[in-house]
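In what follows, every chain begins at residue 1, and chains take the letters A, B, ... in the order their sequences are listed.
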Protein chains: 2
Amino acid sequence: MMTAAVILKNKSLSVTIPRKIILEIFIKESRALSHASIENSISTIIDRATIYRTLQTFLESGIIHQIPTTNNVVLYALCQEECSIDHHHDEHVHFVCTACDTTICMEKIIVPKVKLPRGFKMKNAALIIKGTCDICKN
Amino acid sequence: MMTAAVILKNKSLSVTIPRKIILEIFIKESRALSHASIENSISTIIDRATIYRTLQTFLESGIIHQIPTTNNVVLYALCQEECSIDHHHDEHVHFVCTACDTTICMEKIIVPKVKLPRGFKMKNAALIIKGTCDICKN
DNA sequence: GTAACTGCAAAATATTTGCATCCTT
DNA sequence: AAGGATGCAAATATTTTGCAGTTAC
């Protein structure tokens with residue numbers, strides 16, 4: 001189990017209070033977070049601009065990856081393996097539970113390859129599955 | 001080839017100037033559009049609020065569907081088959097060309113089914129593939 | 001004629017930026 | 001000590017809403 005400080009150091013990022021707090025939230029919650037949900041989870045006051053900048057930094061260092069959504073809210077989740085800005089290992093399935101509105105990474109399930117038409121070259125893929133999760137099932 | 005007016009009538013929507021103009025843009029451009037790109041394609045002045053409301057209406061009537069993105073911009077594209085708000089037939093692949101920044105629907109390629117862990121129930125899926133398109137290939 | 005739709009204006013929300021100060025290395 | 005990060009404030013951008021006037025059916 002890597003601590004926030006260790007992860008930051010591994011990425012050659014300076015270890016600051018806001019970065020540790022935000023990273024610890026990601027470590028604690030095993031689900032995808034939006035800017036807003038992070039802001040809400042923080043009891044301390046971290047400036048909104050700092051949160052934006054921190055998420056951007058984490059993204060560029062490959063600490064987190066983005067998950068596409070359809071509601072103008074970008075979600076972020078911890079990367080499991082080593083990622084970098086140009087090569088994210090985020091080609092696992094993301095599951096969105098429409099009941100509890102939670103998005104989780106299904107690290108174990110990789111995105112199946114599909115055959116593209118001639119001339120198209122794939123760089124990466126994201127598969128978002130919506131439905132109900134194992135807790136909300138009914 | 002369906003005209004904008006016919007599509008609107010089929011969905012029991014009243015045929016208004018803004019709706020026709022916006023729908024015609026979708027018909028003409030065979031790619032996914034954002035609110036902003038629609039606003040830019042319009043020479044006539046259609047109020048921004050009207051565009052938002054029209055897209056919402058089209059979405060609810062199943063005329064267009066949303067495509068998830070990671071940049072806080074929701075994309076919309078024409079539905080090919082009959083859709084409704086609760087059952088969209090949008091389970092085809094969406095291809096994002098990172099060179100020309102264009103998103104297109106690959107109607108022919110359906111999203112492969114994946115096996116979910118016990119307790120998870122899938123309702124629908126979206127597969128977004130990023131790469132270079134057949135025009136931008138190099 | 002009536003219900004629905006549009007345009008306008010304002011409000012609410014979300015994101016970005018400049019800059020002075022503070023913190024990490 | 002120096003460079004980078006933060007916090008604050010302001011600027012920008014985006015989206016929503018209320019309402020009066022207009023349009024489609």
When the distance from [atom1] of [X] to [atom2] of [N] is rounded to whole Å, what number comes out?
X: A/I45; N: D/dC8; atom1: CD1; atom2: C1'; result: 13 Å
X: B/I22; N: C/dT6; atom1: CD1; atom2: P; result: 8 Å
X: A/Q56; N: D/dG4; atom1: CD; atom2: P; result: 17 Å
X: A/R19; N: D/dA5; atom1: CZ; atom2: C1'; result: 6 Å
X: A/I17; N: D/dT6; atom1: CD1; atom2: P; result: 10 Å
X: B/K11; N: D/dC25; atom1: NZ; atom2: P; result: 17 Å
X: A/L23; N: D/dA5; atom1: CG; atom2: P; result: 15 Å
X: B/E60; N: C/dA4; atom1: CD; atom2: C1'; result: 14 Å

#### Entry: Phosphate contact (C/dT6 OP1 or OP2) by B/T16 side-chain N/O below 4.0 Å
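Checking C/dT6 against B/T16, a side-chain N or O does come within under 4.0 Å of OP1 or OP2.
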Give a yes/no answer on whether the side chain of A/T50 brings an N or O atom under 4.0 Å of OP1 or OP2 in D/dG7.
->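 A/T50 to D/dG7 OP1/OP2: side-chain N or O found under 4.0 Å.
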Would you tabulate the side-chain donor-acceptor contacts of residues 23-33 of chain B under 3.5 Å, counting partners in other chains and residues two or more places apart, or write 'none'?
| from | atom 1 | to | atom 2 | distance (Å) |
| --- | --- | --- | --- | --- |
| B/E29 | OE1 | B/R31 | NE | 2.9 |
| B/E29 | OE1 | B/R31 | NH2 | 3.3 |

Answer yes if the side chains of A/K123 and B/T98 hold a donor-acceptor pair under 3.5 Å, and no otherwise.
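Checked: A/K123/B/T98 side chains pair up, N/O donor to acceptor below 3.5 Å.
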- Item | B/S34-B/S37 side chain donor-acceptor pair, cut-off 3.5 Å |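 The criterion, which ignores hydrogens and geometry beyond distance, is satisfied for B/S37 and B/S34.
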ask   = With A/N71, which residues qualify under side chain to side chain contact (heavy atoms under 4.5 Å, CB included), at least two apart?
value =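 With neighbours one apart ignored, the set is A/T69, A/V73.
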message = Among residues at least two apart in sequence or on other chains, which ones pass side chain to side chain contact (heavy atoms under 4.5 Å, CB included) with B/D47?
response =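 Listed in chain order: B/A49, B/T50.
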Overall bend - the helix from C/dG1-D/dC25 to C/dT25-D/dA1, comparing terminal axes fitted on five pairs, nearest 10 degrees
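End-to-end axis angle: 40°.
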Subject >> Selection from D/dT6, C/dT24, D/dG7 that lies nearest to any side-chain heavy atom of A/T54 >> reply: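 From the listed options, D/dT6 comes nearest.
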Nucleotide by nucleotide, nucleotides 13-18 of chain C touches protein heavy atoms under 4.0 Å in the pattern (B base, S sugar-phosphate only, - none) -SBBBB
### Atom CD1 of B/I17 with >12 non-hydrogen neighbours under 6.0 angstrom
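No, because the 6.0 Å sphere around CD1 of B/I17 holds 12 heavy atoms or fewer from other groups.
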| said: Donor-acceptor pair, distance only, cut-off 3.5 Å: does the side chain of B/H65 make one with the backbone of B/A77? | reply: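 Yes; at least one donor-acceptor contact below 3.5 Å.
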Is it true that B/Y76 and B/F58 have ring centroids separated by less than 6.0 Å?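 Between B/Y76 and B/F58, the centre distance exceeds or equals 6.0 Å.
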Kindly state each residue pair satisfying ring pair (Phe, Tyr, Trp, His ring centres under 6.0 Å) with at least one member in residues 33-57 of chain A, sequence neighbours excluded.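 Non-adjacent pairs meeting ring pair (Phe, Tyr, Trp, His ring centres under 6.0 Å): A/H35-A/Y52.
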